[in-house]
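Below is one structure, written out as structure tokens; the observations come after it.
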Amino acid sequence: MNSIRLEAPLDGEWALVQDPGDVGVKERWFAQPIAPDALAVKVPSVWDLWLPDYDGVGWYFREFEIGEEWADRYATVEFEAVDYFAEVWLNGEPIGAHEGGYTPFSLSASHALKIGRNLL
């Protein structure tokens with residue numbers, strides 16, 4: 001059986017929102033449109049470039065489109081690194097978490113991925 005690897009790179013412009021009160025999960029930020037006051041940042045990078053001296057919780061958001069060629073395929077979201085701990089939602093659904101600073105990981109995303117617009 002031949003397999004075809006489809007890729008949708010997610011580097012580039014993301015939105016970053018500070019959450020100093022750590023209320024984002026309780027208020028379900030992962031299921032809402034990107035906040036209009038979000039900072040536009042480049043990924044890969046560190047948020048210290050935009051938020052020097054901030055050591056609290058932060059949320060990265062990225063919208064992306066997926067075409068019909070992704071229908072019925074197994075999909076993962078792959079990260080080269082995050083700063084210690086990440087919880088990941090796709091289209092308002094949790095797809096996993098990772099603990100371990102600056103180590104690569106991947107999460108299964110097939111159950112939450114949609115043809116068309118997606119919010120990570």
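- Residues L107 and Y74 do not share a hydrophobic cluster, defined by chaining ILVMFWY side chains whose heavy atoms lie under 4.5 Å apart.
- Separation of the Y54 and W47 ring centroids falls under the 6.0 Å cut-off.
- Residues V17 and W14 do not share a hydrophobic cluster, defined by chaining ILVMFWY side chains whose heavy atoms lie under 4.5 Å apart.
- Here the NZ-CG distance, from K42 to L16, works out to 13.5 Å after rounding to the nearest 0.5 Å.
- Taking hydrophobic clusters as Ile, Leu, Val, Met, Phe, Trp and Tyr residues chained together by side-chain heavy-atom distances below 4.5 Å, I34 does not share a cluster with V41.
- Between the side chain of W50 and the backbone N or O of V46, no donor-acceptor pair lies under 3.5 Å.
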Using distance only, find each side-chain donor-acceptor pair of residues 84-91 under 3.5 Å and give its atom names and separation, not counting sequence neighbours.
{"residue": "Y84", "atom": "OH", "partner": "E99", "partner atom": "OE2", "Å": "2.3"}
{"residue": "N91", "atom": "OD1", "partner": "L119", "partner atom": "N", "Å": "2.8"}
{"residue": "N91", "atom": "ND2", "partner": "A112", "partner atom": "O", "Å": "2.8"}
{"residue": "N91", "atom": "ND2", "partner": "N118", "partner atom": "OD1", "Å": "2.7"}

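- By the side chain to side chain donor-acceptor pair (under 3.5 Å) test, E69 is found to be paired with no residue, residues two or more places apart in sequence or in another chain being considered.
- Taking the side chain to side chain donor-acceptor pair (under 3.5 Å) definition, one finds that E27 meets it with W29, sequence neighbours left out.
- Heavy-atom neighbours of D37 CG from other residues, nucleotides or ligands within 6.0 Å: above the threshold of 12.
- Annotation: ring pair (Phe, Tyr, Trp, His ring centres under 6.0 Å) contacts of F105 (sequence neighbours excluded): F79, H98.
- Taking both residues in full, the closest heavy atoms of A75 and S110 are given as N-OG, 2.6 Å, listed atom of the first, atom of the second, then distance.
- For E68, there are no salt bridge (charged side-chain N to carboxylate O under 4.0 Å, His left out) partners at least two apart in sequence or on another chain.
- V77 and I115 end up in the same hydrophobic cluster when Ile, Leu, Val, Met, Phe, Trp and Tyr side chains are linked at under 4.5 Å.
- For the pair H111 and S108, the tightest heavy-atom approach, listed with the atom from each and the gap, is CE1-O, 3.7 Å.
- Under the 4.5 Å side-chain heavy-atom criterion for Ile, Leu, Val, Met, Phe, Trp and Tyr, W59 and L49 are members of distinct hydrophobic clusters.
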Applying side-chain contact (heavy atoms from CB on, under 4.5 Å), run through K114 and I66 and close with a yes or a no. CA-CA 7 Å; K114 301 184 301 189; I66 290 295; over 6 Å; no

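- Shown here is Q32, whose CD atom has more than 12 heavy atoms of other residues, nucleotides or ligands within 6.0 Å.
- E78 has its side chain out of reach of L10: every pair of non-hydrogen atoms, C-beta onward, lies at least 4.5 Å apart.
- Within the 4.5 Å cutoff, no side-chain heavy atoms of L120 are placed close to those of F61.
- The side chain to side chain donor-acceptor pair (under 3.5 Å) test applied to D48 returns no partner, not counting sequence neighbours.
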